[in-house]
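As structure tokens, the structure follows; a few thoughts come after it.
Order of the sequence lines fixes the chain letters, A, B, ..., with proteins taken first and strands second; residue numbering starts at 1 for each chain.
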Amino acid sequence: MLDFLGNLKRTHYAGALRVAHEGQSVVLMGWVARRRDLGNLIFIDLRDREGIAQIVFNKDQSAAAHAKAETLRSEYVVAIEGRVVRRQKANPEIATGEVEVVASALHILNTSATPPFVIEEEINATEETRLRYRYLDLRRAKPQANLALRHKVILEIRNAMSELGFYEVETPMLTRATPEGARDYLVPSRVHPGQFYALPQSPQIFKQILMISGLDRYFQIARCFRDEDLRADRQPDFTQLDLEMSFVRPEDVFEVIEQVMQRAMRVIGVNVAAPFRRMLYKDAIRRYGSDKPDLRFGMELADVTQFFDAGRETLKFEGSVFALTATGGATLSRKQLDELAEKAKGFGARAMYTIKVAPEGIASALAKTLGDEAVKKIAEAAGAKSGDLVVAVAAQKQIKGTEAAALVAGQMRLHLAEKLNVIPAGRPFATAQGKSFASAQGKWEFVWLTGFPLFEWSDTENRWAPAQHPFTGIVEEDLEKLETAPWEVRSKGYDLVLNGVELGSGSVRIHRADVQARIFRALGLSDEQARQRFGFFLDALSFGTPPHGGIALGLDRVVMLLAREKSLREVIAFPKTTAAQDLMADAPNTVPQEQLDDLGIAIKGPK
RNA sequence: GGGGCCGUAGUUCAGUUGGUUAGAACGCGUGCCUGUCACGCACGAGGUCGCGGGUUCGAGUCCCGUCGGCCCCGCCA
């Protein structure tokens, strides 16, 4: 029934056929995407990685092939021998639409079960079904284009790093648990019962040790593992561009990343200017209410706390108030405003006030308590023009040392911007099939954030915790404040943000063992505790560690943004669900008792 | 850990105030069809209404629990 491949050799990709191939004899191999059976004439849409080509079986011209074609079903795997001819009527919808292949022979290489969903671009299966049959979902052009884009971007980055003098070095996947940061994935040791390796949250310590080793410039396309709850932009295993360099200032790291990102962006035909914008953390909070500001649009925040002084008795609150202008928002209905207020409460606001700025004047319920003059000044401070709506949110004084009202206003800014559709959409990128999946012109706003505090207060642990990791360098002048005013200590850390998405963070590190010891003390770690957890690293630091620094970029996120996707899952071949499961492989799963016995592990019970 | 939305045919969904025989489209099967391209036409098969319990004369529909998917907060760079 089925045919063997034998000596048949593919000559072309189906999706690559063009008018230039007219008259050529070709051998194509791929999947049956669609069959249109008109009786004595049968059309097949043959799909391979590069696209789709129409195959014709004509009973008059090739009776044997035609008879065989009658048995074809969706997703059968076939080889076609035939000749490329120009179509009587072209199909402008597909890249190969000007030609078709008149089949002289058909080889059925494999059959297929009826697929659970039709494999076509306008997919209407739920994500759950798509993930369960991921191999079928990946046959579609869009996922293939995303994986191709991912390959090209990472290849470009790898080449760029090499050309910039970086060596790619692999670090262990089986390593030891780190006490700070996210929860570790643990791997039991059979040789050492009761002991565990941990999968790396990042190669942080190893890359610093490589600097101590004199590698000077290291990079790695590194898999990292964090056992925390998932989001659309967070997977438990993910990929970073991890790099570290010796004898550098933050600016030197910026320069490398700017070059690398410029090249990555060129993969989708976008040129971005360097150097990227710089912004202080406190300015990002004050102006955008976020530590990852989306600079593709304005709507900056204004601190209008002072104008509320007169109304504190009546309004009954002590915190600060931040306002922003929703351009053209004056037309929002009563109901929409109520929904906005509800949203603000959800973000943690004590209260939300609005001011409508219309040609006939300024209208706000606030006028009663604060007076017309104050309301006018708030509107001015927020930069509102006629037709706009000013939204002001009040919140408790501070969260972790930053203005809570600013953070709430920052969330409202993003929410409103999306609602009012003021965020420029993305540029197109071409797929293998020559289709583009996004249309509108877009903006690409990179920004470096600097000036982070070294510590932030941890409510859960009731102590100062490192805002980044505990090896983050410290601004020299602030050394003396370590013991006296830790909240004022500034770090040498930095974040790279693109369009409101945090791509990664890094720092110039601590390279002196004595400073590192003081940091651990400030974090409430005794010398013994520090020795126990980081002993080998502290030892290494004492052997002539060069000043060094680096960064790690989330490559999944980079590709997600370039592909104009809203979820990391769309740019990862085999992603996990929000419950951290692989629906296709059905992982995690139980293991046979013997395997547990080997490891000396007893299961306490299904919690 | 918390909040929201969802779960009915292979798939995507509809399903009235709780009412007897659970529908549609696509897909699938059979037949016809020589220029289709989401081919068309005719006929047909296909259901543990996620699972468990409860209320009721009667549950897809109401209640409780549970499992699974997505989004958000917490958590996490």
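In a base pair of the Watson-Crick type (N1 to N3 plus N6-O4 or O6-N4) or a G-U wobble (N1-O2 and O6-N3), with each distance short of 3.5 Å, B/G35 is matched with no nucleotide. Of all nucleotides present, only B/C28 satisfies the Watson-Crick or G-U wobble test against B/G44, with each distance under 3.5 Å. If you check B/G68 for Watson-Crick or wobble pairing at under 3.5 angstrom, you find it paired to B/C6. Taking a pair to require two hydrogen-bonding distances under 3.5 Å in either a Watson-Crick or a G-U wobble arrangement, B/G23 pairs with B/C13.
A/R87 comes within 4.0 angstrom of a nucleotide base, judged by non-hydrogen atoms across all strands. Across all strands, A/A552 comes closer than 4.0 Å to no nucleic acid atom at all (heavy-atom distances). Using a 4.0 Å heavy-atom distance criterion, A/E127 is classed as a sugar-phosphate-only contact. Note on A/K89: a base of the nucleic acid sits closer than 4.0 angstrom, heavy atoms only. As judged by a 4.0 angstrom heavy-atom cut-off over every strand, A/T129 is placed among residues touching the sugar-phosphate backbone only. A/D227 comes within 4.0 angstrom of no nucleic acid atom, judged by non-hydrogen atoms across all strands.
The side chain of A/Q581 contributes an N or O atom lying less than 4.0 Å from OP1 or OP2 of B/G69. Contact annotation: A/R47 does not reach the phosphate of B/C37 (side-chain N/O to OP1 or OP2, under 4.0 Å). Between B/C26 and A/R34, no contact under 4.0 Å exists linking OP1 or OP2 to a side-chain N or O. Considering only side-chain N and O atoms, A/T126 lies nowhere under 4.0 angstrom from the phosphate OP1 or OP2 of B/G69. For A/Q54 and B/U36, the shortest distance from a side-chain N or O to OP1 or OP2 is not below 4.0 Å. Distances shorter than 4.0 Å separate some side-chain N or O of A/T577 from OP1 or OP2 on B/G69. Between A/R36 and the phosphate of B/U36, there is no side-chain N or O to OP1/OP2 separation shorter than 4.0 Å.
Residue A/N91 has its side chain nearest to B/C37 when only B/G35, B/C70, B/C37 are considered. With B/A77, B/C28, B/C71 as the choices, the nucleotide that has an atom nearest any side-chain atom of A/S74 turns out to be B/C28. Comparing B/A77, B/C71, B/G69 by their nearest atom to the side chain of A/R569 picks out B/C71. Across B/G68, B/C37, B/C70, the shortest atom-to-atom separation from the side chain of A/L131 is found for B/C70. Considering only side-chain atoms of A/E128, the nucleotide from B/G1, B/A77, B/G68 that sits closest is B/G68. Counting only heavy atoms from C-beta on, A/A579 has its side chain closest to B/G69 among B/U11, B/A77, B/G69.
Nucleotide B/C72 holds its C1' atom 19 Å from the NZ atom of A/K345, rounded to whole Å.
Judged by distance alone with a 3.5 Å cut-off, a donor-acceptor contact links the side chain of A/R234 to the base of B/C76. Remark: the A/D37 side chain and the B/C33 base include a donor-acceptor N/O pair separated by less than 3.5 Å. Side-chain to base pairing of A/D45 with B/C37: no donor and acceptor N or O lie closer than 3.5 Å to each other. Remark: the A/R231 side chain and the B/G74 base include a donor-acceptor N/O pair separated by less than 3.5 Å. Interface remark: the A/E100 side chain does form a donor-acceptor pair with the B/G35 base, using a distance-only criterion of under 3.5 Å.
B/C64 and B/G18 have their P atoms separated by 16 Å, given to the nearest Å. Across the P atoms, B/G27 and B/C70 are found 28 Å apart, a figure rounded to whole Å. Atom C1' of B/A45 sits at a distance of 10 Å from the matching atom of B/U30, rounded to the whole Å.
Remark: A/D556 engages A/R150 in a side-chain hydrogen bond (donor to acceptor under 3.5 Å, both in side chains) (not counting sequence neighbours).
Ring pair A/Y185/A/F225 is perpendicular by interplanar angle, where above 60° counts as perpendicular and below 30° as parallel. Ring geometry for A/F471 versus A/F520: interplanar angle over 60°, hence perpendicular rather than tilted (30 to 60°). Ring planes of A/F446 and A/F276: parallel class, angle under 30° (limits at 30 and 60°).
By the 5.5 angstrom centroid cut-off and the 30-degree plane limit, A/F117 is classified as not stacked against the base of B/U11.
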